Chemist: 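The structure under discussion is supplied below as structure tokens; questions concerning it will follow.
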Amino acid sequence: MKLAVIGGGGREHAIIKKLKECKRVEYIYALPGNGGISEDATCVDIGAKELDEIVEFAVEKKIDYVVVAPDDPLVLGLVDMLEGKGIPCFGPDKAAAIIEGSKAFSKDLMKKYNIPTAEYEVFNDMDKALEYLESCKIPVVIKADGLALGKGVIIAETKEEAINAVKMMMAEKKFGNSGNTVVIEEFLIGPEVSVLSFTDGNVVIPMVSSMDHKRALDGDKGLNTGGMGTIAPNPFYTKKIADYCMDKIFVPTMEAMKAEGRTFKGCLYFGLMITDNGVKVIEYNARFGDPETQVVLPLLKGDLLDIMEATTNGTLKDVDFTFEDKHACCVVVASGGYPVEYKKGYEVSFPDDKSRIFVAGTKLINGKQVTSGGRVLGVTEIGNTLKEAIEKSYETVKKVNFTDSFYRKDIGRRGMK
Ligand code: AMP
Ligand code: GLY
């Protein structure tokens, strides 16, 4: 089969490496891919948001199956457009991708179907939002309704910060139309868990749990980033919690989407927080997480293409797959200054074995990999224990070199306690 994978980050690289192991896969295009991905697939210079160009390419090349990995094209309806041309896809259609595309939608869905989440109110009117803030406990969480490159969530530690956040979103339009509506939400405390799942709308099968590290610096200090590292499984996610989540969160969410006429097919991502008052949903994503995918897929024992196609066809219950009873750790290596300002164009040197190096931001120039993004790559290793996985990852990280590189030294440390 001839596949196209949409996107060009570390997540897409991990998906492509796993797809290459599948027996029926003959050829993979990546749109747009990146320098590292070009060693595993044929990269085509079409961006993930250039929907018409993607469809034209898929038709012309007679692509058999398209994997839509990033949020934007899902929320914009790429799956609907491709399926309209008879090309099956992995990922939800536009009606279902709204579960990530609108936080107001997802919060209202959880309220309507009794799925545990933080208390909240939705506002379309700035004056009403500001008035509501007067009665809120601090800290309080302000969220732009729409996609905002992962930057649309502000945890306000003072009333003044909360007021400024609302004004920044609703009056200054910092996130464009994504901030026309805001969600104001109760601040929760507790360890966070990411659970990615496969679903075909009939069954939902959780993958191994994971833990993201979103802040730039050790000790969870510094600015929020796209993710500086991950471990799987997440040690806070016990069997008891997993059973509760299956019963009260995963199945009810799948059923709720179906009841709303928005059957979700693809990877449904549950961002959870384990609070003293139980597990709550912090967010849904309509796709694989990045860099969660870089620890989850290396532990998958099964044919990823078979699984993906089964989510599209509604036959997921017939596919056998499991996850290795081992631990994985991914350490992200970034460019100095990320996530604010950083330089590009430095040559990257790699260890000989690149099988578990997932490249997020390089370009191939004259046969050399040079940095082209803030997060440059992730190094994943697997071990029999979490400690072993962490140690192996940091050993391999030492073999990656480029000017001004940096990485967190404490990925997974909280999970060791
Ligand atoms: P989101 O994009 O909704 O996942 O939010 C990004 C991050 O903000 C989450 O991973 C949490 O660390 C944090 N966050 C979001 N909502 C809350 C909340 N209600 N209480 C505490 N932290 C939150
Ligand atoms: N790692 C968080 C996300 O993919 O949204």
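Ligands are counted one by one from 1 in listed order, and the atoms in each one are counted from 1 as well. These numbers come from a predicted model, not from an experiment.
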Chemist: Between Ile155 and ligand 1, find which residue part has any heavy-atom pair under 4.0 Å and reply side chain, backbone, both or neither.
Modeler: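 Answer for Ile155: side chain.
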Chemist: Please identify each residue that fulfils ring pair (Phe, Tyr, Trp, His ring centres under 6.0 Å) with Phe270, with sequence neighbours left out.
Modeler: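 For Phe270, the residues satisfying ring pair (Phe, Tyr, Trp, His ring centres under 6.0 Å) (neighbours in sequence not counted) are Phe250, Tyr284.
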Chemist: Strictly under 4.0 angstrom, heavy-atom based: which residues surround ligand 2?
Modeler: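 Lining ligand 2: Asp212, Tyr269, Asn285, Arg287, Gly289, Asp290, Glu292.
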Chemist: Does Asp200 reach the main-chain N or O of Leu316 with its side chain, forming a donor-acceptor pair under 3.5 Å?
Modeler: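 Pair found, side chain donor or acceptor close to backbone of Leu316.
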Chemist: Would you check if there is a donor-acceptor pair between the side chains of Ser194 and Glu292 at a distance under 3.5 Å?
Modeler: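 The answer is yes; a qualifying pair exists.
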Chemist: Considering only non-hydrogen protein atoms, determine which one is nearest to atom 17 (C) of ligand 1 and report residue, atom name and distance to 0.1 Å.
Modeler: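 The protein heavy atom lying closest is Ile282 CD1, 3.7 Å.
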Chemist: In ligand 1, which numbered atoms sit nearer than 4.0 Å to a non-hydrogen atom of Glu185?
Modeler: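 This gives 16 (N), 17 (C), 18 (C), 19 (N) as the contact atoms.
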Chemist: Please tell me whether Lys173 and Asn180 have a donor and an acceptor in their side chains that are separated by less than 3.5 angstrom.
Modeler: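 Yes, side-chain donor-acceptor contact under 3.5 Å.
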Chemist: Relative to the heavy atoms of Phe187, which atoms of ligand 1 are at a distance of less than 4.0 Å?
Modeler: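 Per the distance check, 20 (N), 21 (C).
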Chemist: To check your reading of the model: name the closest protein heavy atom to atom 11 (C) of ligand 1, its residue, and the distance in Å.
Modeler: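 I find the closest protein heavy atom is Glu192 OE2, 3.2 Å.
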Chemist: Hydrogens and angles aside, do Tyr113 and Thr253 bring a side-chain donor and acceptor to less than 3.5 Å of each other?
Modeler: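 There is no such pair (donor and acceptor under 3.5 Å, judged by atom type) between the side chains of Tyr113 and Thr253.
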Chemist: Say whether Lys280 and ligand 1 are in contact under the criterion: heavy-atom distance to a ligand atom below 4.0 Å.
Modeler: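 No, that is not the case, since the closest heavy atom of the residue is not under 4.0 Å from the ligand.
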Chemist: Please report the shortest heavy-atom distance between Ile411 and Gly229, naming the atom on each side.
Modeler: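 The pair with the smallest heavy-atom distance is CD1-CA, 3.8 Å.
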Chemist: Nearest non-hydrogen atom to atom 6 (C) of ligand 1 belongs to which of Leu188, Ile142, Asp220, Val153?
Modeler: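 Closest candidate by heavy-atom distance is Val153.
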Chemist: From the options Glu185, Lys280, Lys107, select the one residue that forms a side-chain hydrogen bond (donor to acceptor under 3.5 Å, both in side chains) with Thr117.
Modeler: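 In the set Glu185, Lys280, Lys107, the residue that makes a side-chain hydrogen bond (donor to acceptor under 3.5 Å, both in side chains) with Thr117 is Lys107.
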Chemist: Between Phe321 and Phe323, how do the two ring planes meet: parallel, tilted or perpendicular, split at 30° and 60°?
Modeler: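 Ring orientation of Phe321 relative to Phe323: perpendicular.
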Chemist: Any side-chain donor paired with an acceptor under 3.5 Å for Ser393 and Glu381?
Modeler: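 Absent: no donor and acceptor within the cut-off.
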Chemist: Examine Lys103 relative to Tyr120 and say whether NZ or CZ is less than 6.0 Å from the centre of the six-membered ring and inside a 45° cone about the ring axis.
Modeler: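 The answer is no, since Lys103 fails at least one limit relative to Tyr120.
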Chemist: Using a 4.0 Å heavy-atom cut-off, which part of Lys143 comes near ligand 1: side chain, backbone, both, or neither?
Modeler: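 Lys143 to ligand 1: side-chain contact only, backbone stays beyond 4.0 Å.
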